[in-house]
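We use all heavy atoms of the structure for the numbers below, so side chains are in, but hydrogens, waters and symmetry mates are not.
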Amino acid sequence: MRRIPRRLSLLLLPLVLLSIQARAGVQLTVDGVEDPLKAAAISGVELSQYATREVSDAQVRRLYERAPGQVKSALEPYGYYDATVTGDLQQVGKDWRVTLHVQPGEPVKVTAVDVQLDKEAAQLAPLRRAKRAIERLKDKPLNHGAYDAARDALGAQLTANGFLDARLLTHRVEVTRANHSAAIKLAWQAGPRYRYGRVHFDGSQFEDGFLDRYVPFRSGDYFSQDQLLELQQALNGADYFAVVNVLPDVDAAKGGVVDITVQLAPAKRTIYTGGPFIGTDTGFGVRGGMERRWVNRRGHKWKNELVVAQKLKTLSTLYSIPLPGDNQRSYNVGANFRDANTATSQSRTLELVGNETRQWHGWTRSLGVHALSGTFTVGKRGNEPDNAPGIEHGRSTLVFGEAALTRKKADNPDFVRRGWLLSVAARSTAGNLLSDASFSQVIADAKWIRALGTRSRNRLILRGSAGMTWTNDFAALPPQLRFFAGGDRSVRGYGYQSIGPRNSTDRVIGGHNLLVASTEIEHYFTRNWGMAAFVDAGNAFSGTDYRPKLGAGLGLRWRSPVGMIRVDLGTPIHDDRAHGIQLHLVIGPDL
């Protein structure tokens with residue numbers, strides 16, 4: 001390569017510097033339309049790429065000439081085919097200012113929609129809904145994005161409901177500019193609807209047939225992607241596997257039958273957990289646990305946990321035996337020793353439990369028997385002696401049956417934007433059989449979460465609890481079978497279980513009934529940090545003497561690596577007995 005002579009390079013240097021100085025950026029403004037048309041126009045114009053890039057005079061003028069045509073093309077997907085675009089080009093110092101004036105004109109409207117489906121496919125509810133979504137485009141401005149989404153949604157529903165060979169034969173949008181009209185024509189050949197064949201489990205550590213209990217369909221049922229997702233969620237929820245992949249063998253399908261392959265990799269068999277924790281209801285403590293995810297090839301489970309905290313000490317064990325069937329039945333037996341010390345009571349009890357759990361019409365159902373025995377004091381304040389006047393002492397043994405139903409739905413288990421939880425339980429002794437008192441009890445808890453706004457930075461959280469008790473000897477019921485209010489998950493601004501009916505010496509002893517409600521608004525400044533404002537109301541009571549206590553306050557929210565952390569400061573409202581600010585700390589999932 002020949003070198004440029006030094007004298008010639010000195011002559012060219014000023015020209016190079018002048019060309020560099022002539023390069024400038026572009027300030028682009030579009031008026032006459034609002035979003036989304038404005039955003040589409042700006043993004044569709046090449047000039048928008050030079051807001052922070054240098055450009056020569058010649059480039060600016062060339063790009064400016066192209067801009068009107070580019071704006072027109074950008075507006076056509078929104079149904080505007082007759083847009084008029086004029087502009088101004090001004091040089092301001094070294095920069096260029098470009099203003100485009102847009103008159104979108106009359107939009108093209110969809111005047112006809114023709115969607116053709118095979119008869120069998122058209123009879124299915126999900127496909128009818130997808131078809132109606134396309135037909136609802138009629139009499140609206142033509143929007144290519146909305147059309148593409150509705151068309152693709154119907155195609156996806158064909159696949160999701162077993163029409164694995166479906167083909168789109170006709171897909172046309174005929175635009176008549178003269179009268180600003182458009183006609184949509186779509187036709188599918190659905191083909192045969194596939195059915196399930198066999199389900200193959202690869203990599204399982206269990207006996208053949210054990211995992212059939214998690215399969216929500218039978219061989220011969222129509223194929224459904226929703227059921228495959230349900231199978232994957234059930235296997236993940238069983239906590240046996242580190243890897244779960246549910247794969248339909250579509251390429252090998254024959255005669256309208258598709259087999260399902262489930263690829264599995266076992267999880268770690270034994271896990272140990274432990275560490276410190278803190279909660280305003282329990283105080284500071286440490287927790288340790290050992291769980292055997294599967295004891296044998298029949299899928300038995302064994303879980304043990306020890307909690308030692310300032311106000312609570314527990315030792316529990318639970319053994320679960322899965323049963324055959326497709327409803328995830330299992331027998332569970334366990335024991336729980338509990339030593340609790342709240343603001344109003346102390347108890348030391350041993351509880352033995354045996355129950356059967358299963359999936360039942362979308363709910364988790366539990367039927368079982370509890371044997372509860374122990375000693376307790378109610379009404380004690382702080383460290384005062386046990387013989388202080390008004391403190392009630394008890395010792396009882398109760399054997400009672402329990403039936404419970406629980407159901408929840410959530411779009412995201414880590415941070416719920418749309419979800420709810422509902423649980424109902426009923427308990428009862430068989431008169432005084434094997435019990436020091438007879439009682440019956442009904443308890444219901446509900447929680448509802450909904451994100452507000454398009455960016456989901458706000459959440460509305462509603463919560464409620466209710467309960468009723470019937471007994472021939474209330475004094476024989478230990479604190480965990482009485483109703484109290486107050487605390488982190490009850491009425492904030494009050495101490496844990498510090499609210500309830502009082503005896504003749506003005507000590508809180510708990511009540512027959514409970515009614516608590518809560519409203520909370522959260523706002524997140526970033527993805528992980530936010531604040532909350534809440535109002536709680538409720539009380540435990542006996543008879544019909546219901547006088548709700550009010551608590552309100554503000555809180556901090558942190559989506560930490562270990563889960564949601566909630567720190568709340570609450571205060572009682574208009575209560576002569578309670579004053580000041582109460583700290584509440586809760587760590588755990590939304591539902």
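Rounded to the nearest 0.5 Å, atoms CZ (R348) and OG1 (T375) are 6.5 Å apart. The line from CG of L515 to CG of N539 is 9.5 Å long, rounded to the nearest 0.5 Å. For the atom pair W363 CH2 and S423 OG, the distance stands at 8.5 Å (nearest 0.5 Å). Between T314 atom OG1 and F337 atom CZ the span is 9.5 Å, to the nearest 0.5 Å. Residue N387 holds its CG atom at 9.5 Å from NZ of K380, rounded to the nearest 0.5 Å. From W360, atom CH2 reaches atom CZ of R329 across 15.0 Å, with rounding to the nearest 0.5 Å.
Checked by atom type and distance alone, the side chain of R457 pairs as donor or acceptor with a backbone atom of F525 at under 3.5 Å. With hydrogens and angles ignored, the 3.5 Å screen pairs a side-chain donor or acceptor of N513 with a backbone N or O of G543. Not a single donor-acceptor pair under 3.5 Å links the side chain of D339 to the backbone N or O of K313. Between the side chain of R507 and the backbone N or O of V378, no donor-acceptor pair lies under 3.5 Å. No donor-acceptor pair closer than 3.5 Å links the side chain of Q441 to the backbone N or O of G467. Looking at H584, its side chain does come within 3.5 Å of a backbone N or O of G493 through a donor-acceptor pair. Counting only distance, with no hydrogens or angles, the side chain of T344 and the backbone of Q497 share a donor-acceptor pair below 3.5 Å. R482 places a side-chain N or O within donor-acceptor distance of the main-chain N or O of L477, the cut-off being under 3.5 Å.
At most 12 non-hydrogen atoms from other residues, nucleotides or ligands lie less than 6.0 angstrom from CD of E34. Taking a 6.0 Å sphere around CZ of R365, one finds it holds more than 12 heavy atoms contributed by other residues, nucleotides or ligands. Crowding of R292 atom CZ: a count of heavy atoms from other residues, nucleotides or ligands under 6.0 Å exceeding 12. Residue-environment remark: NZ (K408) stays at or below the threshold of 12 foreign heavy atoms within 6.0 Å.
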Residues W529, L556; criterion side-chain contact (heavy atoms from CB on, under 4.5 Å); working and verdict: CA-CA 8 Å; W529 289 94; L556 182 68; 3.9 Å; yes

Checking side-chain contact (heavy atoms from CB on, under 4.5 Å) for the pair D473/D436: CA distance, chi angles, key distance, verdict? CA-CA 9 Å; D473 186 1; D436 294 327; over 6 Å; no

Inset, instruction - For the pair Q310 and T282, evaluate side-chain hydrogen bond (donor to acceptor under 3.5 Å, both in side chains) and give the outcome as yes or no after the intermediate values. - result: CA-CA 6 Å; Q310 291 173 292; T282 60; over 6 Å; no

- Item | Verdict with supporting geometry, I461 and E522, side-chain contact (heavy atoms from CB on, under 4.5 Å) | CA-CA 8 Å; I461 302 175; E522 292 181 345; 3.7 Å; yes

Test side-chain contact (heavy atoms from CB on, under 4.5 Å) applied to V215 and F201, step by step
CA-CA 11 Å; V215 180; F201 293 99; 3.8 Å; yes

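Side-chain contact between S224 and F217: absent, with no pair of heavy atoms (C-beta onward) separated by less than 4.5 Å. At least one side-chain heavy atom of F241 sits less than 4.5 Å from a side-chain heavy atom of L211. Taking 4.5 Å as the limit, some side-chain heavy atom of R338 sits within range of a side-chain heavy atom of Q480. Looking at Q359 and T364, their side chains come closer than 4.5 Å, going by heavy atoms from C-beta outward. P478 places a side-chain heavy atom less than 4.5 Å from the side chain of S396. Proximity of F483 to T469: side-chain heavy atoms (C-beta onward) are separated by under 4.5 Å at one or more points. Two residues are said to be in side-chain contact when any heavy atoms from C-beta on lie closer than 4.5 Å; D590 and R566 meet this criterion. In this structure, the side chains of E402 and R427 come closer than 4.5 Å at one or more pairs of heavy atoms.
Summarising the geometry of N355 relative to S366, their closest heavy-atom pair is ND2-OG, 3.6 Å, with the distance given to 0.1 Å. Nearest heavy atoms, A485 versus S490: CA-OG, 3.6 Å. The nearest pair of heavy atoms linking I499 to V508 is C-CG1, 4.0 Å. Minimum heavy-atom separation, A537 to L550: CB-CD2, 3.3 Å. Closest heavy-atom contact between G511 and S542: CA-OG, 3.7 Å. Taking both residues in full, the closest heavy atoms of D414 and N412 are given as N-OD1, 2.9 Å, listed atom of the first, atom of the second, then distance.
Comment: K549 engages D575 in a salt bridge, judged by a side-chain N to carboxylate O separation of less than 4.0 angstrom. A salt bridge is absent between R418 and D411: the closest approach of a Lys/Arg side-chain nitrogen to an acidic carboxylate oxygen does not fall below 4.0 angstrom. One finds a salt bridge joining R463 and D536 here, because a Lys/Arg side-chain nitrogen approaches an Asp/Glu carboxylate oxygen to under 4.0 Å. The pair E305-K303 does not count as a salt bridge, with every side-chain nitrogen at least 4.0 angstrom from each carboxylate oxygen. A salt bridge links R557 to D568: at least one charged side-chain nitrogen sits closer than 4.0 Å to a carboxylate oxygen.
Geometrically, R527 does not engage F415 in a cation-pi contact defined by less than 6.0 Å to the ring centre and at most 45° from the axis. Cation-pi geometry between R298 and F210 is not met at under 6.0 angstrom from the ring centre and within 45 degrees of the axis. Annotation: cation-pi geometry satisfied between K301 and Y240 (NZ/CZ under 6.0 angstrom from ring centroid, within 45° of ring axis).
Side-chain atoms of T505 and N503 form a donor-acceptor pair, as typed in the model, at a separation below 3.5 Å. A donor-acceptor pair shorter than 3.5 Å can be found between the side chains of T317 and W302. Between the side chains of S438 and T429, no donor-acceptor pair is found at a separation under 3.5 Å. Checking S518 against R492 by side-chain atom types alone, a donor-acceptor pair falls below 3.5 Å. For the residue pair T571 and Q582, no side-chain donor N or O sits within less than 3.5 Å of a side-chain acceptor on the partner. Side-chain contact check for S373 and T397: at least one donor-acceptor pair (N or O, by modelled atom type) lies under 3.5 Å.
Classification of the F439-F400 ring pair by plane angle, with boundaries at 30° and 60°, yields perpendicular.
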